[in-house]
Amino acid sequence: MDHKLSVVIITLNEEENIGRCIDSVKEIADETVVVDSFSKDNTKAIATAKGARVMERAFTNYIDQKNFAQAQAANDYVLNIDADECLSTELLQNIMAEKQRGFAADAYSMNRLNFYCGKPVKTCGWYPDKKLRLWNRQKVCWTGGVIHEKPNVPAESRILHLPGDLLHYSFPTKESLIMQCDKFAAMAALQLKSKGRAYLIYKLVLSAPFKFIRNYFFKLGFTDGLAGFTICYNQGREVFLKYYRALKLKNK
């Protein structure tokens, strides 16, 4: 029994990524839904040319946008994928096999392999980076804070893990890594500003160096040379910045 599958993607100025993303899922997607936040580049044109159903919606936050996107799907089973991600051949084949079996589980997890400057990185705490991305939308939705949204899965749900990697071309340059760290630190600070001052200072002093030491030494970041150092340094920097900025917001 072959169940139909919808692939849902949210976008903003993703002309460099969206074509690769859509191409990677075309063998398993009965439809591809793209919800775009009024991109200024060719994202919409490329997605439309690739056969996606494209609609526009102003961005509020990741949770609202992703829940809206999956609500537009015509099918119960949805694969949630970001524009800068694509499926490895192994993962594609395993999703296809599960689809042909009729989806025996309520939700499916998979490993994500992150790339830095075109190179896959399995150190620095970046792998296996397990993600839940395929599920029955009648049972699962997005929840969480302003950042780091996560699927809300009922306790009784059956979850299976699919072999293969979700390839994440997240940081094509060093500058893109720094920009995302700054962005996430600013967003996290808004959530943290309600915490007590003593807590924020404690976390500021201890959490940033702990993050760097753990990922550089114990998660083997040092084995990736300069790239590993750059990644781990910016991971620690992001932690420092979110507590530092939360303190500044509290002082205001």
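Values reported hereafter were calculated over all heavy atoms of this structure, with side chains retained and with hydrogens, waters and symmetry mates removed. Every value quoted in this text rests on a predicted model; they were computed, and no experiment measured them.
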Check: In Å and rounded to the nearest 0.5 Å, what is the CD1 to CD distance from Ile46 to Glu16?
Finding: 9.5 Å
Check: Any link between Ile28 and Val34 through a network of hydrophobic side chains (Ile, Leu, Val, Met, Phe, Trp, Tyr) touching at under 4.5 Å?
Finding: yes
Notebook entry, point to check: How long is the gap from NZ on Lys211 to NZ on Lys219, to the nearest 0.5 Å?
Noted result: 10.0 Å
Margin query: Working to the nearest 0.5 angstrom, can you tell me the gap between Leu247 CG and Lys193 NZ?
Written below: 13.0 Å
Next item on the list: Using atom types as modelled and distance alone, determine if a side-chain donor or acceptor of Gln100 lies under 3.5 Å from a backbone N or O of Ala97.
Entry: no
Next item on the list: Report yes or no: is the cationic atom of Lys195 (NZ for Lys, CZ for Arg) under 6.0 Å from the centre of the six-membered ring of Tyr199, at an angle within 45° of the ring normal?
Entry: yes
Notebook entry, point to check: Taking atom CD of Gln72 as the centre, does the number of heavy atoms from other residues, nucleotides or ligands within less than 6.0 Å exceed 12?
Noted result: yes
Item checked: Criterion side-chain hydrogen bond (donor to acceptor under 3.5 Å, both in side chains) on Ser170 and Asp84, from CA distance to verdict -> CA-CA 6 Å; Ser170 44; Asp84 61 357; 5.6 Å; no
Check: Can you find a pair of side-chain heavy atoms, one from Lys174 and one from Ile178, that are under 4.5 Å apart?
Finding: yes
Next item on the list: Drop me the distance from Lys44's NZ to Phe38's CZ, to the nearest 0.5 angstrom.
Entry: 7.5 Å
Notebook entry, point to check: Looking at Phe68, is Arg57 sitting on its ring face, NZ or CZ under 6.0 Å from the six-membered ring centre and within 45 degrees of the normal?
Noted result: yes
Notebook entry, point to check: Linking I/L/V/M/F/W/Y whenever any side-chain heavy atoms sit under 4.5 Å apart, do Phe171 and Val121 land together?
Noted result: yes
Notebook entry, point to check: When clusters are formed by joining ILVMFWY residues with side-chain heavy atoms under 4.5 Å apart, either directly or through shared neighbours, do Leu249 and Tyr244 land in the same one?
Noted result: no
Item checked: Distance in Å, Phe103 CZ paired with Glu98 CD, rounded so as to fall on 0.5 Å steps -> 7.0 Å
Note to self: Could you report the tightest heavy-atom contact between Ser109 and His161, atom names first, then the distance?
What the structure shows: OG-ND1, 2.7 Å
Margin query: A side-chain contact here means heavy atoms from C-beta on lying under 4.5 Å apart; do Tyr116 and Ile231 qualify?
Written below: yes
Notebook entry, point to check: Looking at Val8, Leu134, Thr32, which hits side chain to side chain contact (heavy atoms under 4.5 Å, CB included) with Leu79?
Noted result: Leu134
Margin query: Show the nearest heavy-atom pair for residues Val7 and Ala29, with the distance to one decimal.
Written below: CG2-CB, 3.6 Å
Check: Are more than 12 heavy atoms from other residues, nucleotides or ligands located less than 6.0 Å from atom CE of Met55?
Finding: yes
Notebook entry, point to check: So do Lys250 and Arg197 actually touch side chain to side chain, heavy atoms under 4.5 Å?
Noted result: yes
Checklist line | Shortest non-hydrogen contact between Leu87 and Leu166, atoms and distance | finding: CD2-CD1, 3.7 Å
Margin query: Can you give me the closest heavy-atom contact between Arg158 and Ala105, atom names plus distance?
Written below: O-CB, 3.4 Å
Next item on the list: Check for a donor-acceptor pair, side chain of Ser88 on one end and backbone N or O of Leu91 on the other, with a separation under 3.5 Å.
Entry: yes
Item checked: Distance-minimising heavy-atom pair for Cys232 and Gly221 -> SG-CA, 4.2 Å
Check: Would you find a donor on one side and an acceptor on the other, under 3.5 Å apart, between the side chain of Asn61 and the backbone of Ile63?
Finding: yes
Item checked: Interatomic spacing from CG in Asp165 to CD in Glu90 - rounded to 0.5 Å -> 7.0 Å
Check: Can you check whether Trp142's main-chain N or O pairs, donor with acceptor, with Asn67's side chain at less than 3.5 Å?
Finding: yes
Item checked: SB check Lys131 Asp82 (cutoff 4.0 Å) -> no
Note to self: Just checking Glu56: does its CD atom have more than 12 heavy atoms from other residues, nucleotides or ligands closer to it than 6.0 angstrom?
What the structure shows: yes
Item checked: Arg237 bridged to Asp182 by N-O distance under 4.0 Å -> yes
Checklist line | Greater than 12 external heavy atoms within 6.0 Å of Phe115's CZ | finding: yes
Item checked: Any donor-acceptor pair under 3.5 Å from Asn94 side chain to Pro163 backbone -> yes
Check: Picking from Ile18, Thr43, Val33, Val35, what satisfies side chain to side chain contact (heavy atoms under 4.5 Å, CB included) with Ile9?
Finding: Ile18
Note to self: How close do Ala47 and Val54 get, counting heavy atoms only, and between which atoms?
What the structure shows: CB-CG2, 3.7 Å
Item checked: Partner of Asp30 by salt bridge (Lys or Arg N to Asp or Glu O under 4.0 Å), out of Lys99, Lys4, Arg53 -> Lys99
Next item on the list: Identify whether NZ of Lys or CZ of Arg in Arg137 sits under 6.0 Å from the centre of the six-membered ring of Tyr77 and within 45° of that ring's axis.
Entry: no
Margin query: Looking at Cys21, is its backbone amide N or carbonyl O close enough to the side chain of Ser24 to form a donor-acceptor pair, meaning the two atoms are under 3.5 Å apart?
Written below: yes
Margin query: Take a 6.0 Å sphere around CZ of Phe59 and say whether it holds more than 12 heavy atoms from other residues, nucleotides or ligands.
Written below: yes
